[in-house]
Engineer: 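Below is the structure I would like to discuss, written out as structure tokens.
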Amino acid sequence: CEHVEHEDAMNVFRARLAALSGVSSVDPALQQLVQAVDDLANELASHMRAEDDELFPLFAVQRSAAPAALKPSLPISTTNP
């Protein structure tokens with residue numbers, strides 16, 4: 001259950017960053033933040049898979065067809081509108 005909450009929170013955070021980057025001009029600091037959050041989300045997904053699949057499989061939450069990985073973020077344009 002904890003992993004589902006983390007996954008959902010990261011997906012909401014990443015969606016908000018994607019919306020913010022789509023509305024404003026692309027700022028290098030924002031690009032760095034988006035990349036850092038993507039890296040964190042990928043590390044977190046890897047950690048959760050290791051826990052669910054290898055370390056504690058009996059305690060893993062069974063999902064209907066949802067992948068263990070977090071959803072990818074939207075690409076950021078590198079050109080100003």
Side-chain angles (χ1 to χ4, degrees):
C1 200
E2 175 184 299
H3 288 178
V4 173
E5 292 172 9
H6 290 163
E7 182 178 345
D8 291 346
M10 287 302 296
N11 287 334
V12 168
F13 186 39
R14 293 170 88 187
R16 288 180 179 169
L17 281 176
L20 178 63
S21 65
V23 171
S24 65
S25 63
V26 178
D27 182 310
L30 180 58
Q31 287 180 328
Q32 289 177 343
L33 177 61
V34 169
Q35 184 60 53
V37 170
D38 284 346
D39 293 346
L40 173 64
N42 291 331
E43 289 288 329
L44 181 60
S46 177
H47 174 82
M48 290 187 303
R49 278 192 305 273
E51 284 186 347
D52 291 345
D53 298 342
E54 300 167 21
L55 299 173
F56 311 109
L58 293 176
F59 301 105
V61 174
Q62 299 300 320
R63 296 187 188 199
S64 57
L70 299 173
K71 295 176 184 167
S73 66
L74 298 175
I76 293 179
S77 171
T78 56
T79 59
N80 289 330

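If you read the sequence from its start, that first residue is 1, and numbering goes on from there.
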Engineer: Between atom CG of Asp52 and atom NE2 of His47, what is the distance when rounded to the nearest 0.5 Å?
Structural biologist: 9.0 Å
Engineer: Do Glu7 and Leu44 have side chains that approach each other closer than 4.5 Å (heavy atoms only, starting at C-beta)?
Structural biologist: no
Engineer: Looking at Met10 and Leu40, what are the two nearest heavy atoms and their distance?
Structural biologist: CE-CD2, 4.1 Å
Engineer: Has the side chain of Ser46 got a donor or acceptor atom that lies under 3.5 Å from a matching backbone atom of Asn42?
Structural biologist: no
